[in-house]
Amino acid sequence: MAWLIRFKARSLVSATRSLRDTLDSYRCSLSHFSGFTTDDCVRSFPRKWLCSKAMRLNDVDDIQSRSSSSPDITRRPSVSASSNSLGVGLQEVTGSKLNLFDELKLRFLSFKHHKYLEELEHFETLKEAQTPKFMVIACADSRVCPSTILGFRPGEAFMIRNVANLVPPLQKGPSETNAALEFAVKTLQVENILIIGHSCCGGIQTLMSMQDNSDSSFIKTWVTNGKNAKLTTESAANHLSFDQQCRLCEKESINMSLMNLLTYPWIKEKVKKEMLFVHGGYYDFLNCTFEKWTLDFKGGSDEEKGRFFVKDQQLWC
């Protein structure tokens with residue numbers, strides 16, 4: 001009987017050692033991150049997360065020694081803590097190679113500590129429902145993030161992004177874009193639709209360089225939704241360079257998509273009643289300016305020719 005008791009005791013000690021090591025390493029790793037205290041962080045994470053070595057926040061030295069087979073990036077030159085947009089503790093690892101998902105983990109923890117927990121009341125309301133005022137249609141280009149550019153908070157904008165921020169007309173049939181529009185307008189009852197285009201758009205460059213007999217692809221098939229914008233641009237600006245034509249088409253395609261919105265009866269009806277407003281926006285990231293305008297439905301339009309009046313034109317610079 002004595003040997004059985006000793007065997008169970010040794011097994012219990014062995015089983016708890018890994019838990020103590022995990023907690024000790026976790027608390028130690030927190031000392032690398034300014035703004036966190038050990039007690040606060042232990043309380044803010046689930047117990048099962050603290051008990052798993054695989055899920056704990058790794059020490060920075062451990063992050064740096066990750067296998068080279070994982071995706072990695074090279075950090076930018078060191079910045080001061082006051083100017084560090086990612087927040088917690090990233091200055092400790094600046095200048096080193098980070099595993100890509102460790103970088104995302106640090107950003108998520110910064111978001112949780114500096115946004116989620118500090119605005120907890122706002123995020124609690126989002127658990128019940130979303131009531132966005134905006135439906136945003138933007139380009140999938142990685143340089144053009146509406147939430148970053150215009151500062152949308154979670155819950156403020158229902159959003160879809162596609163190549164060249166195009167809205168196909170109703171006649172083209174179902175697509176992810178008009179499905180999102182239907183949900184935003186009919187279910188969420190948004191008050192504004194904002195289509196955001198941008199400078200140096202690869203989708204528009206593809207559209208403008210396409211020939212009628214060019215080979216088909218998913219991208220080329222999609223951007224043909226902007227064919228009318230291309231024809232208008234070529235007709236009005238065929239004396240300009242290709243780059244200048246592309247810049248004009250980037251804006252003309254926004255106006256074309258605004259007109260395409262009116263091909264959907266449930267959008268047009270609300271615009272007529274001024275229950276819904278549709279806007280165009282153009283972000284020029286070459287000099288960081290933003291142009292905004294609103295379709296003036298009552299001011300007059302010629303939908304067949306794709307013409308309409310705009311109002312409230314503004315340039316933010």
Side-chain angles (χ1 to χ4, degrees), residues 134-152 157-169 172 175-178 180-181 184 190 192-210 219-237 240-264 267 271 276-296 301 306-317:
F134 282 89
M135 164 69 185
V136 175
I137 302 168
C139 186
D141 194 301
S142 63
R143 300 165 292 183
V144 186
C145 177
S147 294
T148 299
I149 298 165
L150 299 177
F152 288 117
F158 189 74
M159 202 172 300
I160 188 164
R161 299 174 66 175
N162 62 46
V163 174
N165 45 271
L166 296 170
V167 176
K172 287 294 186 75
S175 70
E176 291 181 352
T177 299
N178 50 35
L181 277 167
V190 298
N192 301 276
I193 299 175
L194 173 60
I195 302 175
I196 303 176
H198 67 94
S199 56
C200 305
C201 180
I204 295 299
Q205 291 172 6
T206 299
L207 172 66
M208 290 298 295
S209 62
M210 283 176 56
I219 294 175
K220 291 179 179 179
T221 300
W222 170 255
V223 297
T224 53
N225 285 304
K227 185 177 181 179
N228 288 341
K230 174 186 178 180
L231 296 176
T232 300
T233 300
E234 289 177 337
S235 174
L240 298 180
S241 68
F242 178 76
D243 288 342
Q244 291 172 320
Q245 289 186 39
C246 285
R247 185 175 180 86
L248 289 175
C249 190
E250 286 163 356
K251 296 182 180 181
E252 183 61 30
S253 68
I254 299 170
N255 292 331
M256 181 210 66
S257 287
L258 291 175
M259 292 299 295
N260 285 347
L261 287 174
L262 300 180
T263 65
Y264 297 89
I267 291 180
V271 171
L276 177 66
F277 299 91
V278 293
H279 316 270
Y282 181 80
Y283 171 51
D284 185 346
F285 57 71
L286 297 178
N287 55 25
C288 197
T289 60
F290 193 92
E291 298 177 53
K292 173 263 176 190
W293 60 94
T294 301
L295 186 146
D296 186 4
S301 66
R307 297 173 182 171
F308 62 93
F309 290 100
V310 298
K311 60 182 180 180
D312 299 332
Q313 291 179 275
Q314 300 177 21
L315 174 63
W316 306 336
C317 57

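Everything numeric in this text was worked out from a predicted model, so none of it was measured. Residue numbers run from 1 in the order of the sequence given.
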Tightest non-hydrogen contact, residues Ile160 and Ala180, listed as CD1-CB, 3.8 Å
Rounded to the nearest 0.5 Å, how far does NZ of Lys230 lie from SG of Cys246? 10.0 Å
If you measure from CD1 on Ile254 to OH on Tyr282, what distance do you get to the nearest 0.5 Å? 7.5 Å
Got a second to check how far Ser257's OG is from Asn225's CG, nearest 0.5 Å? 8.0 Å
Distance, nearest 0.5 Å, that separates CG of Leu276 from CG of Asn192: 7.0 Å
What are the two closest non-hydrogen atoms of Met159 and Ser147, and how far apart are they? CE-OG, 3.8 Å
For Phe152, enumerate each residue passing the ring pair (Phe, Tyr, Trp, His ring centres under 6.0 Å) test, keeping only those at least two apart in sequence or located in another chain. Phe134
Would you say the side chain of Asn162 lies within less than 4.5 Å of the side chain of Glu176, judging by non-hydrogen atoms? no
Distance-only, no hydrogens or angles: does the Ser199 side chain make a donor-acceptor pair with backbone N or O of Phe285 under 3.5 Å? yes
For residues Cys145 and Arg161, determine if any side-chain heavy atom of one lies less than 4.5 Å from a side-chain heavy atom of the other. yes
With sequence neighbours excluded, tell me which residues meet ring pair (Phe, Tyr, Trp, His ring centres under 6.0 Å) with Tyr283. none
From CA spacing to verdict: side chain to side chain contact (heavy atoms under 4.5 Å, CB included), Cys200, Leu286: CA-CA 9 Å; Cys200 305; Leu286 297 178; 4.0 Å; yes
Thr289 and Cys317 have their tightest heavy-atom pair at CG2-CB, 3.6 Å
Can you tell me if Ile149 has over 12 outside heavy atoms packed within less than 6.0 Å of its CD1? yes
For a 4.5 angstrom cut-off between non-hydrogen side-chain atoms, does Trp293 reach Asn255? yes
Quick check: closest heavy atoms across Thr263 and Pro169, and the distance to 0.1 Å? OG1-CA, 3.7 Å
Once rounded to the nearest 0.5 Å, what's the spacing between atom OG1 of Thr294 and atom NE2 of His279? 4.5 Å
Return the minimal non-hydrogen interatomic distance between Cys201 and His198, and the atom names on each side. CA-CE1, 3.5 Å
Of Thr232, Thr233, Ile204, which is the lone residue that meets side-chain contact (heavy atoms from CB on, under 4.5 Å) with Leu248? Thr233
Side chain to side chain contact (heavy atoms under 4.5 Å, CB included), that's the test. Do Glu234 and Leu231 meet it? Break it down for me. CA-CA 5 Å; Glu234 289 177 337; Leu231 296 176; 4.2 Å; yes
Does the pair Ile195 and Leu258 meet the rule for a side chain to side chain contact (heavy atoms under 4.5 Å, CB included), with working shown? CA-CA 8 Å; Ile195 302 175; Leu258 291 175; 3.8 Å; yes
Please tell me whether Trp316 and Gln314 have a donor and an acceptor in their side chains that are separated by less than 3.5 angstrom. yes
Scan side-chain atoms only and decide if Asp243 and Ser241 contain a donor-acceptor pair under the 3.5 Å cut-off. no
Pairwise side-chain contact, Leu181 with Leu261, heavy-atom cut-off 4.5 Å (strictly under): yes
Just wondering, do Asn228 and Glu252 contact through their side chains at under 4.5 Å, heavy atoms? no
Using a cut-off of 6.0 Å, state whether more than 12 heavy atoms not belonging to Lys311 lie near its atom NZ. yes
Please evaluate residues Asp312 and Phe277 with respect to the criterion side chain to side chain contact (heavy atoms under 4.5 Å, CB included), reporting the C-alpha separation (whole Å), side-chain torsions for both, the decisive distance (0.1 Å), and the verdict. CA-CA 12 Å; Asp312 299 332; Phe277 299 91; over 6 Å; no
Restricting to non-hydrogen atoms, name the atom on Ala157 and the atom on Val136 that form the minimum distance, rounded to 0.1 Å. CB-CG2, 4.0 Å
Spacing of Asn260 atom CG and Thr177 atom OG1 [to the nearest 0.5 Å]: 11.0 Å
Just so I know, are the side chains of Arg247 and Asp284 near enough to count as touching, which here means a heavy-atom distance under 4.5 Å? yes
Within the 4.5 Å heavy-atom criterion, are Ile196 and Leu150 side-chain neighbours or not? yes
Contact check, side chains of Ile193 and Ile267, non-hydrogen atoms, under 4.5 Å: yes
